[in-house]
2 protein chains.
Amino acid sequence: MTVPFPEVKQPDALPEELCACTSFLLARLGYAIKLSALEAFEEEGFSLYQYSVLAVLGEGTRETQATIADTLKLDRGQLVGVLDGLEEAGLIERRRDQVDRRRHTVSLTPAGRKQIGKMRAIVKRIEDQYFEPLDAETRANLHDALLRVAANQDSRFQHS
Amino acid sequence: MTVPFPEVKQPDALPEELCACTSFLLARLGYAIKLSALEAFEEEGFSLYQYSVLAVLGEGTRETQATIADTLKLDRGQLVGVLDGLEEAGLIERRRDQVDRRRHTVSLTPAGRKQIGKMRAIVKRIEDQYFEPLDAETRANLHDALLRVAANQDSRFQHS
DNA sequence: TATTGTTATACTCTATAACTATA
DNA sequence: TATAGTTATAGAGTATAACAATA
């Protein structure tokens with residue numbers, strides 16, 4: 001059987017060697033989706049760091065700054081600025097720990113909890129864009145595989 | 001039925017909200033695996049950029065610097081330094097295009113072709129480490145899903 | 001004037017290291 | 001002395017813009 005339209009190779013197509021490389025796809029795709037999310041968040045005046053911090057606080061346990069930083073693999077010095085922004089926006093509260101006055105206990109405000117919902121919607125929108133070519137099952141399998149790999153190399157990832 | 005060892009939640013566990021986020025996993029994992037690769041390549045005195053450039057040239061078609069940069073989404077100015085390193089190491093050759101003397105035609109040397117094999121082995125080693133928790137089929141499915149998503153958002157990715 | 005490769009500059013992130021206040 | 005949070009500094013990585021040669 002003849003091929004009426006033989007594969008037209010694009011002039012700037014990535015080499016097969018790299019397309020065959022799962023790690024290359026992972027790195028490229030991860031960076032691209034991060035950039036998209038970053039852009040979307042910035043339009044609303046927020047950052048991805050802020051979202052991840054709110055997500056940590058959303059788990060209910062009150063946290064000290066050090067544990068938040070460790071959880072997110074964030075530099076403690078870097079976290080300060082993130083919390084400053086969140087506090088200014090009224091999304092979190094810092095209170096001195098009365099037992100150990102060096103520590104700050106960080107907690108969500110009601111406004112902060114509300115904001116998580118909005119941020120979650122942004123993430124969902126972006127993920128739906130990216131994973132649109134996958135059906136629900138494939139997408140779930142993708143997530144499961146990534147989570148297993150992530151949990152295997154970093155114990156902070158918890159898989160069910 | 002009682003649970004003898006109830007789930008011990010790690011103190012620095014990532015919030016479920018983020019673990020449930022495919023894009024978060026993708027970004028985190030992509031960055032982690034890139035760092036690992038970077039480190040491994042640097043031990044051999046090479047960079048990931050160099051590998052990707054060699055991989056492009058390995059496809060057989062002789063390229064001009066601009067097309068290489070475009071393919072890899074690299075800045076043209078940045079590419080210069082990468083090529084300098086590769087040329088110094090004797091892995092590539094730059095020749096003036098006789099038709100258009102502004103252009104440089106870049107091609108692999110035999111040593112360069114040989115080096116691709118070594119670099120490929122490094123990548124394989126790292127991928128085997130990361131994807132070790134997945135069986136062959138799951139891993140293939142993961143790759144396929146990523147490639148489809150990548151091709152959907154960037155036409156340079158070619159899927160079979 | 002526009003384009004190729006080159007070089008130089010500036011900006012963003014991040015990583016490191018001081019600094020303070022409490023313990 | 002050691003630790004939590006803060007602040008300041010330095011480095012890598014990247015993006016932008018000027019530059020010389022050729023078209």
Side-chain angles (χ1 to χ4, degrees), chain A residues 11-12 27-28 30-32 34-39 41-42 46-53 56-57 61-88 92-107, chain B residues 11-12 27-28 30-39 41-43 45-53 56-57 62-88 92-107:
Chain A
D12 60 351
R28 271 290 174 106
Y31 189 63
K34 185 180 177 177
L35 280 189
S36 297
L38 209 64
E39 200 179 333
F41 271 77
E42 271 179 7
F46 292 102
S47 76
L48 289 180
Y49 288 124
Q50 293 181 321
Y51 171 58
S52 56
V53 168
V56 170
L57 296 174
T61 42
R62 69 237 170 309
E63 310 263 357
T64 179
Q65 294 189 199
T67 62
I68 298 175
D70 290 348
T71 297
L72 294 173
K73 232 183 193 170
L74 251 172
D75 186 82
R76 294 183 188 190
Q78 213 174 340
L79 182 62
V80 174
V82 179
L83 292 178
D84 287 347
L86 289 172
E87 198 170 32
E88 241 174 272
I92 62 148
E93 268 185 353
R94 276 191 269 212
R95 267 170 295 183
R96 276 208 179 280
D97 187 331
Q98 292 308 324
V99 180
D100 182 342
R101 290 181 49 73
R102 291 173 302 184
R103 298 186 175 182
H104 282 171
T105 302
V106 185
S107 59
Chain B
D12 61 349
R28 271 290 174 107
Y31 189 62
I33 204 167
K34 185 180 177 178
L35 279 189
S36 298
L38 210 63
E39 200 179 333
F41 271 78
E42 271 179 5
E43 279 176 21
F46 292 101
S47 76
L48 288 180
Y49 289 124
Q50 293 182 321
Y51 171 57
S52 57
V53 169
V56 170
L57 295 175
R62 72 245 167 301
E63 310 263 358
T64 178
Q65 293 189 199
T67 62
I68 297 174
D70 291 349
T71 297
L72 295 172
K73 232 182 194 169
L74 250 172
D75 186 83
R76 294 183 189 191
Q78 213 174 339
L79 181 61
V80 174
V82 179
L83 292 177
D84 286 347
L86 289 171
E87 199 170 31
E88 240 174 273
I92 61 147
E93 268 185 353
R94 274 192 269 211
R95 266 169 295 182
R96 276 207 179 280
D97 187 331
Q98 291 309 323
V99 180
D100 182 342
R101 290 183 48 74
R102 290 174 303 183
R103 297 186 175 181
H104 281 170
T105 302
V106 185
S107 58

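Everything numeric in this text was worked out from a predicted model, so none of it was measured. Every chain is numbered from 1 and lettered A, B, ... according to where its sequence line falls, protein lines coming before strand lines.
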### Of Lys73(A) and Arg96(A), the one whose closest DNA chain C nucleotide lies more 5'
Lys73(A)
### Task
Take Asp75(A) and Glu42(A), find for each the nucleotide of DNA chain C with the closest heavy atom, and name the residue whose nucleotide sits nearer the 5' end.
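Its nucleotide being nearer the 5' end, the pick is Glu42(A).
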Take atom [atom1] of [X] and atom [atom2] of [N], then tell me their distance rounded to the nearest Å.
X: Leu83(A); N: dG5(D); atom1: CG; atom2: C1'; answer: 10 Å
X: Asp97(B); N: dT4(C); atom1: CG; atom2: C1'; answer: 11 Å
X: Glu39(B); N: dA12(D); atom1: CD; atom2: P; answer: 16 Å
X: Leu74(B); N: dG13(D); atom1: CG; atom2: P; answer: 13 Å
X: Gln98(B); N: dA21(D); atom1: CD; atom2: C1'; answer: 15 Å
X: Arg95(B); N: dG5(C); atom1: CZ; atom2: P; answer: 15 Å
X: Leu72(B); N: dA15(D); atom1: CG; atom2: C1'; answer: 17 Å
X: Leu79(B); N: dA8(C); atom1: CG; atom2: P; answer: 17 Å

Does [X] place a side-chain N or O at less than 4.0 Å from the phosphate oxygens OP1/OP2 of [N]?
X: Arg94(A); N: dT6(D); answer: yes
X: Arg103(B); N: dT22(D); answer: no
X: Thr67(A); N: dA4(D); answer: no
X: Thr64(B); N: dG5(C); answer: yes

When you get a sec, tell me which of [options] is the closest nucleotide to the side chain of [X]?
X: Asp84(A); options: dT7(D), dG5(D), dT6(C); answer: dT7(D)
X: Arg102(A); options: dT3(D), dT6(C), dT7(D); answer: dT3(D)
X: Ala66(A); options: dG5(D), dT6(C), dT14(D); answer: dG5(D)

### Message
What I'd like to find out is whether the side chain of Val56(B) reaches to under 4.5 Å of the side chain of Thr67(B), using heavy atoms alone.
### Response
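Sidechains of Thr67(B) and Val56(B): no contact.
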### Most 5' of Tyr49(B) and Asp100(A) on DNA chain D, judged by nearest nucleotide
Asp100(A)
### Query
Pick the nucleotide of DNA chain D nearest each of Gln78(A) and Leu38(B); which residue has the one closer to the 5' end?
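Closer to the 5' end of DNA chain D: Gln78(A).
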### Note: Asp70(A)-Arg76(A) ion pair, threshold 4.0 Å (strictly below)
yes
### Query
Is Asp12(B) salt-bridged to Lys73(A), cutoff N-O under 4.0 Å?
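Salt bridge: no.
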### Task
Identify the two heavy atoms, one from Arg103(A) and one from Thr64(A), that lie closest to each other, and give their separation to 0.1 Å.
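Residues Arg103(A) and Thr64(A), closest heavy atoms: CB-OG1, 4.1 Å.
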### Message
Can you give me the closest heavy-atom contact between Leu86(A) and Gln50(A), atom names plus distance?
### Response
CD2-CB, 3.7 Å
### Query
Is Arg101(A) touching bases, backbone alone, or none of the nucleic acid, heavy atoms closer than 4.0 Å?
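The residue Arg101(A) makes sugar-phosphate contact but no base contact.
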